[in-house]
Amino acid sequence: MLDLKFIRENPEKVIKGLSNKNEKNRIDEVLELDKKRRAIIANSEELKSKRNQVSAQIPQLKKAGEDVSQLLAEMKHVSDKIAELDNELKQIESDLENILLFIPNIPHSSVPIGKSAEDNVEVRKWLPEGFSFEFENGFKPLDHIELGKKLNILDFERGAKISGSGFPVYKGKGATLERALINFMLDYHLEKHGYSEIFPPFLVNRDSMKGTGQLPKMEEDMYFIDKDGLFPIPTAEVPITNLFRNEILSEKDLPIKYVGYSACFRREAGSYGKESKGFLRVHQFNKVEMVKFVKPETSYDELESLVKDAEDILQELKIPYRILMLCSGDLSFSAAKCYDIETWSPAENKWLEASSCSNFEDFQARRASIRYRNEQTKKPEFVHTLNGSGLATSRLMVSLLENYQTPEGKVIVPKVLQKYTGFNIIG
RNA sequence: GGAAAGAUGCCGGAGUGGUUGAACGGGACGGUCUCGAAAACCGUUUAUCGGCGUAAGUCGGUACGAGGGUUCGAAUCCCUCUCUUUCCGCCA
């Protein structure tokens with residue numbers, strides 16, 4: 001959520017930011033409602049002040065044996081007027097909130113301006129030693145679906161039978177490899193990058209979803225368990241960021257760095273076509289997520305180190321990747337700045353998004369009311385929140401299987417995973 | 001799923017209609033004392049909204065789980081909801 005005061009004082013900046021994000025804006029409506037709101041507050045508070053004064057006198061007058069019935073009648077009238085104003089105020093505030101909750105974050109000044117994914121900027125690329133985009137002797141690499149079937153480690157058909165399309169089943173060494181990947185990534189972030197581990201609930205309430213910005217705008221993309229009012233999480237970002245909802249942290253506790261595994265559930269409403277085959281788009285996948293709570297002045301440095309933390313995993317796994325800085329038009333709802341990490345798929349012959357690292361500044365913190373006490377001013381201030389996938393296993397698995405396949409159709413297990421899998425080749 | 005009790009400030013815990021934003025205790029912070037520390041003593045210590053002010057600030061409103069109601073006036077009375085604890089049932 002954007003700061004109402006900021007909107008009031010910098011409407012042109014907000015309008016510009018929203019237009020760079022390809023968003024229609026309702027800032028005029030916001031300003032109009034805000035004006036009305038403040039007028040009513042002034043009016044109502046003046047009456048309340050009067051009521052408080054008179055109410056304090058009444059017991060004294062009574063004690064002195066005076067007749068207060070005239071006063072009571074008068075105050076009844078004042079109270080009725082207050083109730084009327086407060087009802088009006090409540091309506092306006094709810095209208096205002098309904099607009100504000102749908103207004104996305106605005107891009108940071110360092111974000112390139114652009115319309116769509118095509119305007120994203122490649123920041124850097126990393127290729128393992130000896131890597132080539134061409135396989136030797138014209139060898140045609142198998143894609144992950146063919147490999148999965150041939151090696152009997154993935155079963156999309158049976159997943160579709162038991163749940164529906166987009167619910168893959170991992171089998172045998174495939175299941176072990178998936179688990180190894182998760183454990184390797186968690187351990188690495190814990191040991192090398194100084195994160196603490198969180199194992200969060202996979203179902204959260206509406207307030208949590210609102211806090212991180214999934215709701216109300218993206219409700220159609222979320223699973224929802226109506227009977228209990230709970231949402232299966234689309235990412236561990238939701239429960240982990242909401243750990244401190246409605247809390248005031250100590251400045252000395254910051255930065256707080258959490259890493260957690262969760263399954264992720266996404267309806268992906270309206271996604272069809274070849275982009276959605278196999279692992280490329282699924283309803284349930286596994287992800288190791290990093291979440292940071294930091295002081296505002298450090299958040300852009302923290303974003304850079306967050307990206308590096310995710311990159312380290314890929315370098316250890318020796319999987320080719322590139323880093324994109326998302327342009328304004330491609331930024332997600334809550335993000336002020338975001339880097340995507342894409343890994344190489346030789347069979348698809350393209351880059352696949354495997355991680356997204358974002359700085360939300362105080363956008364989520366304001367929605368969820370996550371603050372820290374500034375030691376200098378002694379006042380509560382909003383923290384900045386960041387998160388990044390470190391990483392999502394499904395897309396990563398595509399790159400891993402395809403890059404590590406041998407001409408015989410086997411898959412070598414990356415060196416760093418071997419102590420987790422207990423085997424070094426599949427097939 | 002059934003029954004009961006409860007939800008107050010950083011923590012514990014008073015408070016059943018009118019100077020209670022909140023007694024008392026603890027913690028934390030500042031000060032006195034001390035070479036230093038402890039103890040003792042003194043003081044400070046919730047958040048949020050609006051007006052005025054560049055600001056420090058100042059004046060006022062609101063908030064005792066959440067929402068609604070009664071009343072001139074609600075932490076206190078009534079209703080609904082949420083959560084917590086305990087007991088019973090079920091259960092990985």
Side-chain angles (χ1 to χ4, degrees), chain A residues 1-10 30-101 199-211 215 224-231 239 242-254 256 263 362 365-383:
Chain A
M1 193 143 65
L2 298 177
D3 182 9
L4 186 53
K5 275 202 195 92
F6 183 81
I7 298 177
R8 192 189 296 151
E9 285 158 19
N10 307 276
V30 169
L31 293 174
E32 186 59 32
L33 285 168
D34 177 49
K35 206 167 152 190
K36 275 193 201 162
R37 169 181 157 267
R38 286 186 292 150
I40 292 176
I41 287 173
N43 206 336
S44 157
E45 287 191 351
E46 197 183 324
L47 292 176
K48 283 177 183 167
S49 177
K50 181 174 180 196
R51 180 177 71 185
N52 287 344
Q53 279 175 26
V54 174
S55 286
Q57 287 168 6
I58 285 172
Q60 273 146 28
L61 293 174
K62 270 188 178 170
K63 228 178 257 172
E66 295 193 30
D67 178 22
V68 293
S69 54
Q70 177 69 31
L71 258 187
L72 293 191
E74 233 173 79
M75 284 303 104
K76 171 72 179 160
H77 186 69
V78 169
S79 279
D80 287 348
K81 181 68 187 167
I82 290 172
E84 198 181 296
L85 287 170
D86 281 353
N87 277 334
E88 209 178 322
L89 180 63
K90 207 180 294 169
Q91 185 58 49
I92 286 173
E93 289 190 326
S94 132
D95 291 349
L96 190 55
E97 161 126 328
N98 281 337
I99 298 175
L100 287 175
L101 281 174
F199 200 145
F202 291 2
L203 302 181
V204 298
N205 59 30
R206 187 170 285 275
D207 283 344
S208 295
M209 292 290 272
K210 209 166 100 181
L215 296 185
F224 179 53
I225 300 166
D226 192 35
K227 198 171 179 183
D228 298 290
L230 294 170
F231 296 82
N242 277 282
L243 280 171
F244 298 122
R245 174 152 48 82
N246 294 330
E247 290 193 33
I248 299 175
L249 305 165
S250 295
E251 181 172 335
K252 63 179 192 309
D253 292 337
L254 301 178
I256 294 171
D362 64 5
R366 179 169 278 110
R367 286 180 160 239
S369 189
I370 305 168
R371 294 176 291 173
Y372 75 103
R373 194 173 299 281
N374 183 312
E375 276 175 9
Q376 306 238 289
T377 64
K378 306 281 182 206
K379 298 242 169 70
E381 292 176 13
F382 291 109
V383 300

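Note that these values count all heavy atoms, side chains included, but never hydrogens, waters or copies made by symmetry.
As rounded to the nearest Å, B:rG21 and B:rU76 have C1' atoms that lie 15 Å from one another. As rounded to the nearest Å, B:rC49 and B:rG30 have C1' atoms that lie 30 Å from one another. B:rG9 and B:rA75 are spaced 14 Å apart, taking the P atom of each and rounding to whole Å. Separation of the C1' atoms belonging to B:rG18 and B:rG26 is 31 Å when rounded to the nearest angstrom. To the nearest whole angstrom, the two P atoms, one in B:rG15 and one in B:rC83, are 28 Å apart. Nucleotides B:rU19 and B:rG73, compared at atom P, are 15 Å apart to the nearest Å. The same atom, C1', is picked in B:rU48 and in B:rC90; the two are 45 Å apart, to the nearest Å. Spacing of C1' atoms, B:rA47 relative to B:rC33, comes out at 36 Å, to the nearest Å.
Atom CG of A:Leu249 is separated from atom C1' of B:rC10 by 14 Å (rounded to the nearest Å). Across the protein-nucleic acid pair, A:Leu89 atom CG and B:rG61 atom C1' stand 11 Å apart, rounded to whole Å. Atom pair A:Leu230:CG and B:rC83:C1' shows a separation of 14 Å (rounding to whole Å applied). B:rU62 atom P lies 14 Å from atom CG of A:Leu85, rounded to whole Å. Here the P atom of nucleotide B:rU62 and the CG atom of A:Asn43 are 15 Å apart, to the nearest Å. We find that CG of A:Asp80 is positioned 12 Å from P of B:rG69, with the value rounded to whole Å. To the nearest angstrom, P of B:rC83 lies 13 Å from CZ of A:Arg245. A:Gln376 places its CD atom 15 Å from the P atom of B:rA56, with the value rounded to the nearest Å.
Consecutive Watson-Crick or G-U pairing (both distances under 3.5 Å) extending over three or more pairs maps onto RNA chain B as B:1-7 with B:82-88, B:10-12 with B:24-26, B:27-32 with B:40-45, B:46-52 with B:57-63, B:65-69 with B:77-81.
Few gaps surround CD on A:Glu251; more than 12 heavy atoms of other groups in view lie less than 6.0 Å from it.
Counting all heavy atoms, side chain and backbone alike, A:Ser44 lies closest to A:Asp86 at OG-OD1, 3.1 Å. The shortest non-hydrogen separation linking A:Arg37 to A:Glu93 is NE-OE2, 3.1 Å. Contact record, A:Ile99 with A:Val30: CG2-CG2, 3.7 Å, taken as the closest heavy-atom pair.
One distance of note links CD of A:Glu74 with OG of A:Ser69; it measures 11.0 Å at 0.5 Å rounding. Residue A:Arg367 holds its CZ atom at 12.5 Å from CZ of A:Phe382, rounded to the nearest 0.5 Å. Between atom CG of residue A:Asp362 and atom CG of residue A:Leu2 there is a gap of 8.5 Å, rounded to the nearest 0.5 Å.
As judged by a 4.0 angstrom heavy-atom cut-off over every strand, A:Lys50 is placed among residues making no nucleic acid contact.
For the pair A:Asn43 (side chain) and A:Ala39 (backbone), a donor-acceptor distance under 3.5 Å is absent.
A donor-acceptor pair shorter than 3.5 Å can be found between the side chains of A:Asn205 and A:Ser208. Side-chain atoms of A:Asn87 and A:Gln91 form no donor-acceptor pair, as typed in the model, at a separation below 3.5 Å.
An OP1 or OP2 oxygen of B:rU62 is reached within less than 4.0 angstrom by a side-chain nitrogen or oxygen of A:Asn52.
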When you compare the protein's N or O atoms with those of nucleotides 70-73 of chain B, which come within less than 3.5 Å of each other, and at what distance?
| residue | atom | partner | partner atom | Å |
| --- | --- | --- | --- | --- |
| B:rC72 | O3' | A:Ser79 | OG | 3.1 |
| B:rG73 | OP1 | A:Ser79 | OG | 2.9 |
| B:rG73 | O4' | A:Ser55 | OG | 3.4 |

Between protein and nucleotides 46-52 of chain B, what N or O pairs are separated by less than 3.5 Å?
| residue | atom | partner | partner atom | Å |
| --- | --- | --- | --- | --- |
| B:rA47 | OP1 | A:Arg373 | NH1 | 2.5 |
| B:rA47 | OP1 | A:Arg373 | NH2 | 3.0 |
| B:rA47 | O3' | A:Arg371 | NH1 | 3.4 |
| B:rU48 | OP1 | A:Arg371 | NH1 | 2.4 |
| B:rC49 | O3' | A:Arg37 | NH2 | 3.0 |
| B:rG50 | OP1 | A:Arg37 | NH2 | 3.2 |
| B:rG51 | OP1 | A:Arg38 | NH1 | 3.0 |

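Put simply, the side chain of A:Val383 does not reach to within 4.5 Å of the side chain of A:Ile256, judged on heavy atoms.
Nearest-nucleotide mapping onto RNA chain B: of A:Lys48 and A:Pro59, the residue sitting toward the 5' end is A:Pro59.
Note on A:Glu32 versus A:Lys35: no salt bridge recorded, every NZ/NE/NH1/NH2 to OD/OE distance being 4.0 Å or above.
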For the pair A:Glu88 and A:Lys36, evaluate side chain to side chain contact (heavy atoms under 4.5 Å, CB included) and give the outcome as yes or no after the intermediate values.
-> CA-CA 10 Å; A:Glu88 209 178 322; A:Lys36 275 193 201 162; over 6 Å; no
